[in-house]
Every structure is written in C-alpha cells, then in structure tokens.
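Each remark here refers to the structure printed beneath this line.
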Amino acid sequence: MRILGIETSCDETAVAIVRDGRWVEASVISSQQDAFRGLGGVIPEVAAREQLKLILPALHACFSQAEKTWDDIDAIACTVSPGLTGSLLVGTTTARTLASIHGKPLFCVDHIHGHMASTWLFGKHTSETFEPVFPLLCLTASGGHTELWLRQSHTSQTLLGKTRDDAAGEAFDKGASLLGLPYPGGPAISRLAKTGDATAFSFPLPFAGESTLDFSFSGLKTSLRYLLAKLPADALPLENLAASFERAICRHLCDRVLKAFEAHPQVKELHVVGGVSANATLRSSLIASLPGIQVRTPVHISYCTDNAAMIAAAAEFSR
Ligand code: KG4
Ligand code: ZN
C-alpha cells in the first residue's frame, strides 16, 4: 500500500509518499519559519495564506522526488485535527479534492496519532531495519501538546498524563522569547546551551514527589522571567541561562517518564516523538535514566518535527 500524506496543521506545508507505513519514498516539508522570524510565534491567518501558496508546489515536488505518478498511489491521508483551523482547511480541502478527482480512498488522521507513528518510519536516511515492540510508552512532546501514552498496539492506547498548561515546545518557545532568541525556541536554546553550564541556575522540578503523570511548564517560564529581572539586562549569561532552562525542561520530562515506567514495569520500550524529541539533551538524559529500556526517537530530525510521512504511516496503521 502506497499512501500520499498531507500535513498542514500549523506552519509547515508537508507532502510525503510512504510505502507500507514505513518506507519514506519522498518527504517534502516547506517551512514558513522565515515568515514568522522575529515575531515570537505563528500568526494563524498568515499561516493559512502561506499554506495556500505552498501546497501545490509541495505536492509536485513530492511526486518528482519519489518518481511516481497518481497510478502508483493507493490512498490519500491528511491531518484533520488538532491544529490551526485555516491551515487545516487548506490540507483537508486539497486532500478531498485530489481523492475525488483521482478516485482514491481518503484517510483522516489525528495529528498526535501521526507523531506516534513517526518512530516506524525509515527511508534513505537509514539502511537499518528495526521493529518497535508493543506494549510501549510514548512521550509526545511538541509545540502544541505534551502527553504520555501507554500503547498496546497501533489502534489501542491509554493516555497516562498530559500537560496542565504549556506544552514542552511552548516552554522552549516562550523561554527563547524571554531570552531574546528567535522562534522556534527549541533549536535556538539548544544551540546556545551547548556551550553553557547547565548547573549555573536552578529551576524548580514540577510535581516532584507527586504521583501524577501530568506535566506543567508554565512555572518554569515564570521562574525564568523572575530570574531575568534580577540579572543585568545588558550582560546576560545567555549560554548558561539557555543550558539551565533546557535542563529544567528535560529533567521534568524525564522525571515523569521514569514515574510512568515505575507504574508499568512490564513495558520495555519508550518512544519519544514530536518536535522536542529532536533535543539532544532530552535524548541523552532519557537513555541514561532508563537502563534496560529501548529508547526510540524518529530516525531523522525531519520526522520529529511536523511532516507528512508520519500522517501517511498513521493512516496505514489504522487500517
Ligand atoms: O512537532 P512540532 O514540529 O509541531 C507541533 O506539533 O507543535 O514541534 C514544534 C516544537 C516547537 O515548540 C519547537 O521549539 C520544538 O518543537 N523543537 C525543539 C527542538 N526542535 C524543535 N525543542 C527542543 N529542542 C529542539 N532541538
Ligand atoms: Zn506536531
């Protein structure tokens, strides 16, 4: 089964062709990041207009990258929620129209289910084959959501915990904005953090000692704001601040994941997906804290952040 995936839930316009839910034959991601640089976030109306401009060129680029035609495509999949309404509308309308013109079945995919399928993807980035094993715990951490799932199969999962306020990626984005760094904040903070001392400043550990598997990031952001008010604005130790703030977010994520493994000792595999799974500090902290657990992240950074290959994969696995 070869599925054409379309993802337009936020500020990425993505189209991909994926065989059997795993092999990525083409993945095109047109990012609008330049349009929002310096603005500290995404403007929904502008994002929708950009989607409209980018969707057909992305579609053509995808077919040419894969060297395929419509005859080779068995079905179409598109993200239907959650996301920005205007952006989603561009993808769903395009997908419905193409399905009708070319007589292909259409799969409607939840964006978070898409991220959860991303650890199955491989393609030209790796020649290694691998087989994730259920049951597994999945941490989905991106700009709009932070959730912890116990997954029994592709179609059966239980939500163990979720953020009560900001998402992990949102914490990176808001922290970066306080530090005067560009959007998206995750990559900007993590770049600076490489040369900083992560123990220079201490931040509280949310829900320390509590049994909840929920997350909370807004307190970390407020702590950073108070800390900045006490430091000289013209000589901020940016590297140390970035490293310490990154460490605080990663510590909280690791701490709740560890709690989840304590509650579910039968599980031997952790998947980390969504934009924040690109973070090297998070990856290494989780691996170090979970001996004996197989920690999987998407095989390529472009499958961590929003992409359409994961939407095609999720459609395949929902059949
Ligand atoms: O999954 P994604 O592309 O979009 C959503 O579904 O929200 O995630 C985007 C988020 C942004 O908040 C961005 O700052 C964060 O992922 N992100 C990172 C990194 N790369 C992207 N956060 C931490 N470290 C990174 N390397
Ligand atoms: Zn996402």
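Atoms within a ligand are numbered from 1 in the order they appear, just like the ligands themselves. What you see is a predicted model, and the numbers here were worked out from it, not measured in a lab. Residue numbers count from 1 along this sequence.
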Does Q51 form a side-chain hydrogen bond (donor to acceptor under 3.5 Å, both in side chains) with T8? I'd like the steps, not just the answer. CA-CA 7 Å; Q51 295 284 4; T8 63; 4.7 Å; no

Pair S9-E7, side-chain hydrogen bond (donor to acceptor under 3.5 Å, both in side chains): steps then yes or no: CA-CA 6 Å; S9 66; E7 152 64 41; 2.6 Å; yes

Could you go through H145 and S142, starting from their C-alpha distance and side-chain angles, then the distance that decides it, and tell me whether this counts as side-chain hydrogen bond (donor to acceptor under 3.5 Å, both in side chains)? CA-CA 5 Å; H145 46 85; S142 73; 2.9 Å; yes

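At least one heavy atom of H111 sits closer than 4.0 Å to an atom of ligand 1. For C10, the heavy-atom gap to ligand 1 stays at 4.0 angstrom or more.
Protein heavy atom at the shortest distance from atom 24 (N) of ligand 1 is N279 ND2, 3.0 Å. From the protein, the heavy atom lying nearest to atom 2 (P) of ligand 1 is D306 OD1, 3.3 Å.
By the criterion of a heavy-atom distance under 4.0 Å, the side chain of D173, and not its backbone, is placed next to ligand 1. When non-hydrogen atoms are compared, ligand 1 lies under 4.0 Å from the side chain of H115 (C-beta onward) but not from its backbone.
Relative to atom 5 (C) of ligand 1, the option among S142, G186, S190, A141 with the closest non-hydrogen atom is S142. The option from G114, S31, G275 that lies nearest to atom 19 (C) of ligand 1, judged by heavy atoms, is G275.
The ligand atoms of ligand 1 that sit less than 4.0 angstrom from a heavy atom of G144 are 7 (O). Close approach of ligand 1 to G185 (heavy-atom distance below 4.0 Å) involves ligand atoms 14 (O). Those atoms of ligand 1 with a heavy atom of H145 less than 4.0 angstrom away are 6 (O).
F130 carries R22 over the face of its six-membered ring, with the cationic atom under 6.0 Å from the centre and within 45° of the normal.
Checking only distances, P184 never comes within under 3.5 Å of ligand 1, N or O to N or O. For the pair G143 and ligand 1, the shortest N or O to N or O distance falls below 3.5 Å. For G169, a nitrogen or oxygen atom sits less than 3.5 Å from a nitrogen or oxygen atom of ligand 1, counting backbone and side chain alike. Below 3.5 Å of separation, one finds no N or O of E12 facing any N or O of ligand 1. Between T305 and ligand 1, no N or O atom pair is found at a separation short of 3.5 Å.
Note on F207: it does not cluster hydrophobically with I249, by side-chain heavy-atom contacts below 4.5 Å among ILVMFWY residues. When the side chains of ILVMFWY residues are joined at heavy-atom separations under 4.5 Å, either directly or via intervening members, L148 and V295 end up in a single hydrophobic cluster. No single ILVMFWY cluster, assembled from side-chain heavy atoms under 4.5 Å apart, contains both I112 and L121.
None of D166, D165, D173 except one satisfies the salt bridge (Lys or Arg N to Asp or Glu O under 4.0 Å) rule with K221; the exception is D166.
More than 12 heavy atoms of other shown residues, nucleotides or ligands fall within 6.0 angstrom of atom NZ in K259.
Using a 4.0 Å cut-off between a side-chain N of Lys or Arg and a carboxylate O of Asp or Glu, R2 and D74 do not qualify as a salt bridge.
Ring pair F215/F217 is parallel by interplanar angle, where below 30° counts as parallel and above 60° as perpendicular. Using cut-offs of 30° and 60° on the angle between ring planes, the pair F134 and H154 is perpendicular.
In this structure, the separation between CD1 on I29 and CG on D306 is 8.5 Å, given to the nearest 0.5 Å.
Within the protein, the N, O or S atoms sitting under 2.8 Å from the Zn ion (ligand 2) are H111 NE2, H115 NE2, D306 OD1.
When ring centroids are compared, W120 and H271 come within the 6.0 Å threshold.
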